[in-house]
Protein chains: 2
Amino acid sequence: MDDLIKQLLDARKKKGITQSTLARSVGLPQSHISSIEQGKVDIRVSTLLEMARILDHEVVVIPREHYSLLMAIIEGKKDIELEPLWKPDEED
Amino acid sequence: MDDLIKQLLDARKKKGITQSTLARSVGLPQSHISSIEQGKVDIRVSTLLEMARILDHEVVVIPREHYSLLMAIIEGKKDIELEPLWKPDEED
DNA sequence: TATAAATATATATTATAACATATAACCTTC
DNA sequence: GAAGGTTATATGTTATAATATATATTTATA
């Protein structure tokens, strides 16, 4: 399943609401939420954003170079290796 | 314009490629890239992901609580206030 | 094991992204 | 101001998400 969709599914469950409740909030029929969560449809961005918003999440586009760092933070790992914000006099 | 789309546009320009080049990579006509970048269409998630991928970016769904932190990191701010990974004996 | 609640499947319709293609409108730069 | 490269518009077609609705399955609970 698409990773983004999986996260929305996890978020819905964590929030403890049903497909029907989510559907009502987003304005889609429950049947469509079911299809979405099963990865059967390639939803529109507006739909993704609406679902995320209702589920207290945000959708962001990030430079790939930051990806693993952000994932680490989200997953709550300790001892994150931050890229240095400056380098000590890099000369040749 | 949609914030996500704006980021893709910025990314394309920063990468220094044309709509046509991006279009070829993604497999869409240039005319459609134009529409997308002008926010005239509500694209599908697969399209968003493809464009982001080509432009060396990733699309992620994040808990809202992490949003400002991630934005800070992406925008390269110094002195990021990380949420404490532990709290020093929080007692009442 | 009934009953209910939640989720999945089915079907038909409507709206619109994606596609293909062409051309027009902008910009540079010579 | 012509030429080339880039971006925006236009039109028609096709694929499919969204809608509406109903019902079937599955899962939980009394």
Side-chain angles (χ1 to χ4, degrees), chain A residues 1-65 67 70-71 74-75, chain B residues 1-65 67 70-71 74-75:
Chain A
M1 187 196 335
D2 185 315
D3 203 46
L4 301 178
I5 297 303
K6 171 149 184 27
Q7 291 196 66
L8 293 185
L9 173 57
D10 291 347
R12 177 176 67 79
K13 288 188 172 162
K14 192 174 271 178
K15 201 176 164 82
I17 66 175
T18 67
Q19 288 184 349
S20 296
T21 302
L22 175 59
R24 244 191 319 284
S25 301
V26 176
L28 304 183
Q30 172 271 323
S31 58
H32 200 226
I33 298 288
S34 174
S35 295
I36 291 170
E37 289 187 345
Q38 289 174 89
K40 289 185 172 175
V41 288
D42 183 6
I43 63 176
R44 298 182 189 169
V45 168
S46 62
T47 305
L48 177 72
L49 295 178
E50 254 321 87
M51 290 181 67
R53 195 179 64 79
I54 301 295
L55 297 170
D56 308 310
H57 284 243
E58 299 290 335
V59 180
V60 295
V61 172
I62 60 170
R64 187 168 298 130
E65 41 177 331
Y67 183 72
L70 300 193
M71 286 301 100
I74 289 173
E75 285 158 25
Chain B
M1 188 195 336
D2 185 316
D3 204 46
L4 301 178
I5 297 303
K6 169 145 183 33
Q7 292 195 66
L8 292 186
L9 174 57
D10 291 348
R12 177 176 67 78
K13 289 188 172 163
K14 192 175 270 179
K15 201 176 164 79
I17 65 175
T18 66
Q19 287 184 348
S20 296
T21 302
L22 175 59
R24 245 191 318 283
S25 301
V26 175
L28 305 182
Q30 172 270 324
S31 58
H32 199 226
I33 297 289
S34 173
S35 294
I36 291 170
E37 289 187 345
Q38 289 175 89
K40 289 185 172 176
V41 288
D42 184 5
I43 63 177
R44 298 180 189 170
V45 168
S46 64
T47 305
L48 178 71
L49 295 178
E50 254 321 86
M51 289 181 67
R53 196 179 63 78
I54 301 294
L55 296 171
D56 308 312
H57 284 242
E58 299 291 336
V59 180
V60 295
V61 172
I62 60 169
R64 186 167 298 131
E65 41 179 329
Y67 184 72
L70 301 194
M71 286 301 99
I74 290 173
E75 285 159 25

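All values reported here derive from a predicted model rather than from experimental measurement. Letters go in sequence order (proteins before strands), and every chain restarts at 1.
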Under 4.0 Å: is that the gap between some side-chain N or O of B/Q38 and OP1 or OP2 of D/dT9? yes
Mark up nucleotides 13-30 of chain D, 5' to 3', with B wherever a protein heavy atom is under 4.0 angstrom from a base atom, S wherever such an atom reaches only the sugar-phosphate, and - elsewhere. ---SSSB-BB--------
Please work out if B/T18 contacts a base, only the sugar-phosphate, or nothing of the nucleic acid, heavy-atom cut-off 4.0 Å. sugar-phosphate
Measure CD1/A/I17 against C1'/C/dT7 and give the value in whole Å, please. 14 Å
Rounded to 10°, tell me the angle between the two end axes of the helix from C/dT1-D/dA30 to C/dC30-D/dG1, each built from five pairs. 50°
If we only count heavy atoms from C-beta on, is the A/L48 to A/L4 side-chain gap below 4.5 Å? yes
Between atom CD1 in A/I33 and atom P in C/dT7, what is the gap in whole Å? 11 Å
Any side-chain heavy atom of B/I17 within less than 4.5 Å of one from B/L55? yes
Evaluate the side-chain proximity of A/I36 to A/M51: yes if any heavy-atom separation is below 4.5 Å, no if none is. yes
Is the shortest heavy-atom distance from the side chain of B/D2 to the side chain of A/L49 under 4.5 Å? yes
Give me the atom names and distance for the closest heavy-atom approach of A/V61 to B/Q7. O-OE1, 2.9 Å
B/V41 side chain near B/H32 side chain, heavy-atom distance below 4.5 Å: yes
In whole Å, I'd like the distance from the CG atom of B/L8 to the P atom of D/dT7. 15 Å
Strictly distance-based, threshold 3.5 Å: is any side-chain N or O of B/S34 a donor or acceptor partner for the main-chain N or O of B/Q30? no
Does D/dT7 have OP1 or OP2 sitting under 4.0 Å from an N or O in the side chain of B/R12? yes
Using atom CG of B/L22 as one end and atom P of D/dG5 as the other, report the distance to the nearest whole Å. 19 Å
Using whole Å, report how far NZ of B/K13 lies from P of D/dT6. 14 Å
Can you tell if the side chain of B/L8 reaches within under 4.5 Å of the side chain of B/E37, non-hydrogen atoms only? no
Taking C-beta and beyond as the side chain, do A/L28 and A/E50 meet within less than 4.5 Å on heavy atoms? no
